[in-house]
There are 2 protein chains.
Amino acid sequence: MAGDRVFDLIERLGALLRSELRRLGAPHGLEPVHLQALAYLARANRYSDTPIAVAEFLGLTKGNVSQRLIALEKAGMLLRRPDRDDARVVHLAPTAKAQALLAALSPPPGWRAAMAASGADTARLEAGLTGLLSALQQANGRRTFGQCRGCRFLQHVGNTFTCGLTRDPLEPDHTLLLCREHEAAA
Amino acid sequence: MAGDRVFDLIERLGALLRSELRRLGAPHGLEPVHLQALAYLARANRYSDTPIAVAEFLGLTKGNVSQRLIALEKAGMLLRRPDRDDARVVHLAPTAKAQALLAALSPPPGWRAAMAASGADTARLEAGLTGLLSALQQANGRRTFGQCRGCRFLQHVGNTFTCGLTRDPLEPDHTLLLCREHEAAA
DNA sequence: CCATATTGTATCGCAGCGATACCAATTACT
DNA sequence: AGTAATTGGTATCGCTGCGATACAATATGG
């Protein structure tokens, strides 16, 4: 079946990128999961920058992720801030140091050149992968983690955005971040 | 940059598939790396069904892979056969039990349905990912692990195939397998 | 007000992973 | 032919990710 090839390709790409992340992160004492968590947090909105969101995003248990985050904090890569309203939740943000690292490693050096050299239709590739990811997430009952913009709960009047779930106003920039509560617009 | 989105998508797909593999393999006592190794070996030709080829394919050290393979053999998933000519090399093959497992788990249940539901142009997606993978492998100095057919060393006269590197005759079916020595045809 | 759900942490046992060291067989060099 | 360099493979060590379980604290809903 043709789709099986796509599966093989994505698995192989995933394995090689993982290997690459390990190599790149090692000098900084970081494992692949650390870089992935930081990369997620750099793109997560304020409803989604929590340990449990990271766990759901990466498909890991919250207990595990909790320990990884502690390691990241010790390494000076993560800042924690208690939530204003809910004493249970913690907000996470990559430090400047972590952001600099992400800028250098995510995507890894050579990626952009390889993208260009492959001659692939980037937009079409992105569209195809996005659709596939959505279908898989839906099939497995996982959260979508889509951009706030494009969520069915988002309301906007002119340039003023508000989240229909929380009734909170949203800065325009923030509607480009990933949200744990995202549901694709109809 | 647009290509960065593709990177994010592939990383996320990789993470979720990895999580899925862990869940699916757990009842059989198998970790993701075990399933990936078996899936590779099921598609590897006779020059490529060795521990070192598995290590190169997955981007892991040979020492590590060696231990994984021992675990797989103990689990009755792998058969070892010494090479006829070179006493150093070992040939690996998934057992019938392992093949049955692969048929059930690779691709995981729901994958084909998700592929269909996504409405993506499978052929185009496959082409784009293949090109990207090739470019990345070349950029990182990694082996291609392409199909024997499509390799620049392959020679064929009518329906008789021979490998230009080893001078060995190849059964037509075997030219569809993955080869460690693969180099794309000019 | 109490049962239940949610968020997060702590601890335990297991196993993957790289690094290093090592061995045996093959190949290259001279 | 004989020695050096290379290659394929395994063994061992230390570290750390990972799930499972248990637990504490806060929120929510009847």
Side-chain angles (χ1 to χ4, degrees), chain A residues 15-16 18-38 47-75 78 80-92 143 166 180-181, chain B residues 15 18-38 46-75 78 80-92 143 166 180-181:
Chain A
L16 290 184
R18 185 177 182 78
S19 160
E20 196 72 0
L21 281 190
R22 191 180 299 278
R23 198 174 61 81
L24 293 171
H28 308 90
L30 298 181
E31 300 284 328
V33 65
H34 296 138
L35 292 172
Q36 292 180 327
L38 288 176
Y47 307 128
S48 316
D49 57 351
T50 67
I52 198 144
V54 176
E56 288 169 344
F57 185 84
L58 296 179
L60 303 173
T61 63
K62 62 175 183 175
N64 175 19
V65 168
S66 178
Q67 302 309 307
R68 299 317 127 228
L69 296 174
I70 291 173
L72 277 172
E73 193 182 16
K74 271 187 199 153
L78 211 57
R80 312 173 86 103
R81 182 174 53 81
D83 187 90
R84 182 167 305 179
D85 303 324
D86 190 330
R88 295 171 302 177
V89 348
V90 183
H91 293 273
L92 309 164
R143 292 180 187 271
T166 62
R180 188 187 169 203
E181 308 289 350
Chain B
R18 186 178 182 77
S19 159
E20 196 72 359
L21 280 191
R22 190 180 299 280
R23 199 174 59 80
L24 293 171
H28 307 91
L30 299 181
E31 300 285 326
V33 65
H34 296 137
L35 293 171
Q36 292 180 328
L38 289 175
R46 61 178 137 136
Y47 308 127
S48 316
D49 57 352
T50 67
I52 200 144
V54 175
E56 287 169 345
F57 185 84
L58 296 178
L60 303 174
T61 62
K62 62 176 183 173
N64 174 22
V65 168
S66 177
Q67 303 308 309
R68 300 315 128 229
L69 296 174
I70 290 173
L72 277 172
E73 192 182 16
K74 271 188 198 153
L78 210 59
R80 312 173 86 101
R81 183 174 54 80
D83 187 87
R84 182 167 305 178
D85 302 324
D86 191 330
R88 293 171 304 178
V89 348
V90 182
H91 293 273
L92 310 164
R143 292 179 188 272
T166 62
R180 190 188 168 202
E181 308 290 350

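We name chains A, B, ... by the order of the sequence lines, and we start the count at 1 in each one.
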Identified side chain to side chain donor-acceptor pair (under 3.5 Å) counterpart of Glu31(A) within the set Gln36(A), Arg68(A), Arg18(A), Arg22(A)
Arg22(A)
Here the distance between atom P of dC18(D) and atom CG of Leu30(B), to the nearest Å, is 18 Å
How far apart are the closest heavy atoms of Ala53(A) and Ser48(A), and which atoms are they?
CB-O, 3.2 Å
Return no unless some side-chain N or O of Arg88(A) is found under 4.0 Å from OP1 or OP2 of dT28(D).
no
Can you tell me the distance, in whole Å, between the CD atom of Glu31(A) and the C1' atom of dG16(C)?
10 Å
Quick test of your reading of the model: are Lys62(A) and Glu56(A) salt-bridged, counting only N-O distances below 4.0 Å?
no
The correct set of residues in residues 46-56 of chain B placing a heavy atom under 4.0 Å from DNA chain C is none
Between Ile70(A), Val54(A), Val33(A), which is the residue that forms a side-chain contact (heavy atoms from CB on, under 4.5 Å) with Val65(A)?
Val54(A)
Whole-Å distance separating the CG atom of Asp86(B) from the C1' atom of dG9(D)
11 Å
From CD of Glu181(B) across to P of dT7(D) the rounded distance in Å is 12 Å
Given side chains that start at C-beta, do those of Ser19(A) and Leu58(B) come closer than 4.5 Å, heavy atoms only?
no
Pick the closest DNA chain D nucleotide for Val33(A) and for Asp85(A) by heavy atoms, then say which residue is nearer the 5' end.
Val33(A)
Identify the two heavy atoms, one from Phe57(B) and one from Leu16(A), that lie closest to each other, and give their separation to 0.1 Å.
O-CD2, 3.8 Å
Expressed as a whole number of angstroms, how long is the span from Arg23(B):CZ to dC18(D):C1'?
16 Å
Could you list by number each residue of residues 58-68 of chain B showing a heavy-atom separation from DNA chain D of less than 4.0 Å, or answer none if no residue does?
Lys62(B), Gly63(B), Ser66(B), Gln67(B)
With a 4.0 Å limit, can you tell me whether His34(A) has a side-chain N or O closer than that to the phosphate oxygens OP1/OP2 of dG17(D)?
yes
Quick one: CG on Leu78(A) to NE2 on His34(A), what's the gap to the nearest 0.5 Å?
10.0 Å
Just the rounded figure in Å: distance from P of dC17(C) to CG of Leu69(B).
12 Å
May I have the distance from Arg84(A) (atom CZ) to dA27(D) (atom C1'), rounded to whole angstrom?
19 Å
Do Arg180(B) and Ile52(B) come within less than 4.5 Å of each other through their side chains, counting heavy atoms only?
yes
Please tell me which of Arg180(A) and Ser19(A) maps to the more 5' nucleotide of DNA chain C, matching each residue to the nucleotide holding its nearest heavy atom.
Arg180(A)
Nearest-angstrom distance from the residue atom CZ of Arg22(B) to P of dC18(D):
6 Å
For the side chain of Arg18(B), counting heavy atoms from C-beta on, which of dT6(C), dA25(C), dC17(C) is nearest?
dC17(C)
Might you point out which heavy atoms bring Asp83(A) and Asp85(A) nearest each other, and give the distance in Å?
OD2-N, 2.7 Å
Looking at every strand, decide which applies to Asp83(B) at a 4.0 Å heavy-atom threshold: base, sugar-phosphate, or nothing.
nothing
Among dG9(D), dA25(C), dT16(D), which is the nearest nucleotide to the side chain of Ala87(B)?
dA25(C)
How close do Arg46(B) and Asp49(B) get, heavy atom to heavy atom, and via which atoms?
O-OD1, 3.2 Å
